[in-house]
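Residue numbers count from 1 along this sequence.
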Amino acid sequence: MDAPTVGISLHRCPGQSLQRTLAIGILLALALLPAPSGAVDPSTDHDVVIVGAGAAGLYAAYTLDNLGYSILILEATPWHGGRIWSMKLGDVRVENGAEELYGTTNNFVFNDIKAAYGDGAQIGIFQESPTQDTLIVMDADGLGGGSPCWAETGNCDADADIVDYWDFYYDIGNHDNDPTDPLVSEYLNTAWGVPSTSRGYHLYEAGTPASEYGTSVEHLGLRSLSREWNIWSLSEDVYGLGPTGYLDALDFLYFNQVTPYVTYNSPVTIVDTSGVKPVAIDGNGVYHYADAIIVTVSVGVLKAEIIDFIPDLPAAKLGAISTIGMGNGMKISLRFTSQLWDDKMMTLLLDGPLGECWPPKVYQPSVDDHVLTCFTMGKNAEVMEALPDDTARLNRALVDLDAAFGGTASPAFVEGFVMDWTASPYTLGSYSYPAPGTRPVSGPSMRQVLAQPVGSQLYFAGEATHNTAPSTVPGALQSGERAGGEVDTDHGGPPAPGTPTADFSALVTSGNPPLDVSFSDLSTQFPTGWSWDFGDTGTSGDQHPTHQYTTPGTYTVSLIATNANGPHTRVLPNLIIVPEPSRIVLLGSGFFGLLWLQARPRSTRTWAGRLHTAQDSGRAVAGTLSTQK
């Protein structure tokens, strides 16, 4: 059946034509005009923003919170603690990051842990004694074969290459005033006759100095290493924490107080101190304003330029970031069905990329399962990282352990875990090390240069900034305490009680020029003075000003509210949007084009087609259509 026909007359009487054309033009103009936007870029405001929720950042927050500052901690990952992270393999707690605790010398953490957990909580490890001996593997063939010996209770002293390794340990600190700072690998080759092809070369890589500093002898500077060796300020006594994880203890002692101030999954991409107030902008597009910003990210992150600093950091600081090394590193832990090693084994130096291992049970004597944790650094880590996946890395680890334990490791293997800190996108390495040039003969070290504030708005903390205890948790904590103290000194303490908290609103935030915007002061604590910056060079001292924007652009607005107790600044980023006029010009030409079309002579023709509406899915339409010739 044919669809019903609808007749439509498109002829208009002359008196109605101009009115309808005007109406169409106005409707088109209204439809195409940019809609006012109520969206404002999200922002926060605090006294201090801290970038990074590792040990340094959290302790800086702890320091400032105790002083009364309003703080915000921006963490890129879903967790806090940085390179401190423990887990369980069986019933054994393994530390996938920092593990060593140090004695009381220049280390407040030791006594705090002792007070909280008791005298026996920290158990001495790596003591190089008959009851904590080192098993050294030589001549591994890469297939599970090798020759192990005991350092304290065996015959390692009969091996000349091992004796050279021990002697080199006492030579490390003899180069403080060397005129040059060659690579340690070059010095080993030229002065000690230990090239990379030597059968004992792996000892320097798996033990001291390379692994101890989280890198390779092919990256360490000899003079810088010597000076760092001799300026060391922590105790030589090293401990493991028995009753709880390292981070659990630090949480209990300090961090739980400030973790409510952490915003997770917020990687900072920009730190801008060029404006009226410093701001850290995260990857979610949130602007975090503060009077001061403390950056505590790793040297690896600084080297990768993940954060864009505006303005650029001073040349000296950029030089320090470039010079200080950040090593490749991972920790690999493996659980076995039985204990493959002698009770006296504290340390295992392997002739293969697994590096150095130890049993956490030494400081967790009540556990039943059998676990080795291995420290794979520098060139060893590079070899492991080149393997396709963690299964391949664990299999390669078992080859090295079979060489130490007579082929028994592979059959007894149960499970393992690989923590590759170099692959972690917001760490990018193990920890900092003294590359050539890190410690010149005179003047500040590169660590001291990295630690220096930039004005009174930008501060730096982290293990790499500690001059005498780098690459340690105590050093990281102390660097956070230092940076917090610098902020407090420079700013004269937190805002006084009764200081205003500046805030404001805008009645309109978007429109075509000239755009008149009325601002309303919403500040607390009864300010008596107002200083507005409208972002286009315009300013005002009124409480509730009106400002006209005449030039297209996006404008950030700020208000400084003041009373007798002090000032406070609030910034709303990209608050006012004034669009370019190009669309208005097009609208005008389109409108007059309609008038021109209306004024021209017309002819008619008959047409047919389909008219689609929400109610009628398609009825046949016939009528006459006015067209131009």
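- Not one N or O on the side chain of His46 forms a donor-acceptor pair closer than 3.5 Å with the backbone of Val48.
- Here Tyr555 and Tyr549 bring their ring centres to under 6.0 angstrom of each other.
- For the atom pair CG of Leu334 and CZ of Arg393, the computed distance is 13.5 Å after rounding to the nearest 0.5 Å.
- Within the structure, side-chain hydrogen bond (donor to acceptor under 3.5 Å, both in side chains) pairs that include any residue of residues 103-117 comprise Asp112-Tyr254 (at least two apart or interchain).
- Taking 4.5 Å as the limit, every side-chain heavy atom of Asp420 sits out of range of all side-chain heavy atoms of Asn328.
- Contact record, Pro527 with Pro500: CB-CG, 4.1 Å, taken as the closest heavy-atom pair.
- With sequence neighbours left out, the side chain to side chain contact (heavy atoms under 4.5 Å, CB included) criterion links Ala115 to no other residue.
- Side-chain contact of Gln525 with Asn563: a donor-acceptor pair under 3.5 Å is absent, judged by distance alone.
- Inspection of the Glu385 and Thr422 side chains reveals an N or O donor paired with an N or O acceptor under 3.5 Å.
- Rounding to the nearest 0.5 angstrom, the gap separating the CZ atom in Phe417 from the CG atom in Leu89 is 8.5 Å.
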Q | Test side chain to side chain contact (heavy atoms under 4.5 Å, CB included) applied to Val371 and Val94, step by step | A | CA-CA 8 Å; Val371 172; Val94 296; 3.7 Å; yes

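- Using modelled atom types and a 3.5 Å distance limit, the side chains of Tyr363 and Glu99 yield a donor-acceptor pair.
- Geometric assessment of Lys331 against the ring of Phe375 yields a negative cation-pi assignment under the 6.0 Å and 45° thresholds.
- Here the CD1-OG distance, from Ile281 to Ser43, works out to 10.5 Å after rounding to the nearest 0.5 Å.
- Shortest non-hydrogen contact noted between Val473 and Leu250 is CG1-CD1, 4.0 Å.
- Shown here for Asn265 and Pro78, the closest heavy-atom pair between the two residues is OD1-CG, 3.4 Å.
- Ring-plane geometry between Trp532 and Phe519 is classed as tilted, the angle between the planes lying from 30 to 60 degrees on a 0 to 90 degree scale.
- The closest donor-acceptor contact from the side chain of Arg93 to the backbone of Pro243 lies at 3.5 Å or more, if one exists at all.
- In this structure a side-chain-to-backbone donor-acceptor pair under 3.5 Å is missing from Thr539 to Asp533.
- Judged by distance alone, with hydrogens and angles left aside, the side-chain atoms of Asp389 form a donor-acceptor pair with the main-chain N or O of Thr391 at under 3.5 Å.
- Formation of a donor-acceptor pair under 3.5 Å by the His491 side chain with backbone atoms of Ser456 is found in this model.
- In terms of heavy atoms, Leu559 sits closest to Ala502 at O-CB, 3.7 Å.
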Q: Go through Ser445 and Asn467 one step at a time and tell me if the side-chain hydrogen bond (donor to acceptor under 3.5 Å, both in side chains) criterion holds.
A: CA-CA 8 Å; Ser445 73; Asn467 196 46; 2.6 Å; yes

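- No hydrogens or angles considered: nothing links the side chains of Thr323 and Thr438 as a donor-acceptor pair under 3.5 Å.
- A side-chain contact (heavy atoms from CB on, under 4.5 Å) with Thr465 holds for exactly one of Arg447, Arg482, Met446; it is Arg482.
- A distance of 10.5 Å separates CH2 of Trp530 from OG of Ser540, quoted to the nearest 0.5 Å.
- Annotation: side chain of Thr269 is not in contact with side chain of Asp282 (no heavy-atom distance under 4.5 Å).
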(Q) side chain to side chain contact (heavy atoms under 4.5 Å, CB included) for Thr562 and Thr499? Distances and angles first, verdict last. (A) CA-CA 7 Å; Thr562 307; Thr499 299; over 6 Å; no

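- Lys379 approaches Ser216 most closely through the heavy-atom pair CG-OG, 3.5 Å.
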Q: Could you give me the CA-CA distance, side-chain angles and deciding distance for Val262 and Leu58, then say whether side chain to side chain contact (heavy atoms under 4.5 Å, CB included) is met?
A: CA-CA 9 Å; Val262 178; Leu58 291 169; 4.1 Å; yes

Q: Evaluate salt bridge (charged side-chain N to carboxylate O under 4.0 Å, His left out) for Lys303 paired with Glu305, printing each intermediate quantity in order.
A: CA-CA 5 Å; Lys303 285 177 176 290; Glu305 299 182 349; over 6 Å; no

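- Of the candidates Asp45, Thr501, Asp291, His568 forms a side chain to side chain donor-acceptor pair (under 3.5 Å) with just one, namely Asp45.
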Q.
The test is ring pair (Phe, Tyr, Trp, His ring centres under 6.0 Å); show your working for Phe255 and Trp79 and say whether it passes.
A. CA-CA 12 Å; Phe255 300 161; Trp79 56 83; over 10 Å; no

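- In this pair, Tyr59 and Tyr62 present their aromatic rings tilted. The plane angle is within the 30 to 60° band.
- In this structure, CZ in Phe526 is found 12.0 Å from OG1 in Thr528, a value given to the nearest 0.5 Å.
- At least one side-chain heavy atom of Met326 sits under 4.5 Å from a side-chain heavy atom of Ser298.
- Panel note: side chain Thr472, backbone Ala469; a donor-acceptor pair is recorded below 3.5 Å.
- Atom-to-atom distance recorded for His288:NE2 and Ser266:OG is 5.5 Å, nearest 0.5 angstrom.
- Counting only heavy atoms from C-beta outward, the side chains of Val297 and Leu302 approach each other to under 4.5 Å.
- Looking at Asp488 and Pro494, their side chains come closer than 4.5 Å, going by heavy atoms from C-beta outward.
- Between Trp421 and Tyr431, a ring centre-to-centre spacing not shorter than 6.0 Å is recorded.
- Residues Phe108 and Glu481 approach most closely at CE2-OE1, 4.1 Å, considering heavy atoms.
- Between the side chain of Thr296 and the backbone N or O of Gly52 there is at least one donor-acceptor pair closer than 3.5 Å.
- In this structure, Tyr264 places its OH atom where more than 12 heavy-atom neighbours from other residues, nucleotides or ligands lie under 6.0 Å away.
- There is no side-chain donor-acceptor pair under 3.5 Å between Gln457 and Asp490.
- Note on Glu463 versus Arg83: salt bridge recorded, some NZ/NE/NH1/NH2 to OD/OE distance being below 4.0 Å.
- Side-chain atoms of Asn284 never come within 3.5 Å of backbone atoms of Val286 as a donor-acceptor pair (strictly under, hydrogens ignored).
- When side chains are defined from C-beta on, Phe460 counts as touching Lys317, because their heavy atoms get closer than 4.5 Å.
- The shortest distance between side-chain heavy atoms of Asp516 and His547 does not fall below 4.5 Å.
- Among residues two or more places apart in sequence or in another chain, the ring-ring contact (aromatic ring centres under 6.0 Å, His included) test is passed with Tyr69 by none.
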Q) Where do Glu75 and Thr263 land on the side chain to side chain contact (heavy atoms under 4.5 Å, CB included) test, with the steps shown first? A) CA-CA 6 Å; Glu75 169 56 38; Thr263 298; over 6 Å; no

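- Using modelled atom types, no side-chain atom of Asp41 and backbone atom of Asn574 make a donor-acceptor pair closer than 3.5 Å.
- Between Val487 and Tyr459 there is a side-chain heavy-atom pair separated by less than 4.5 Å.
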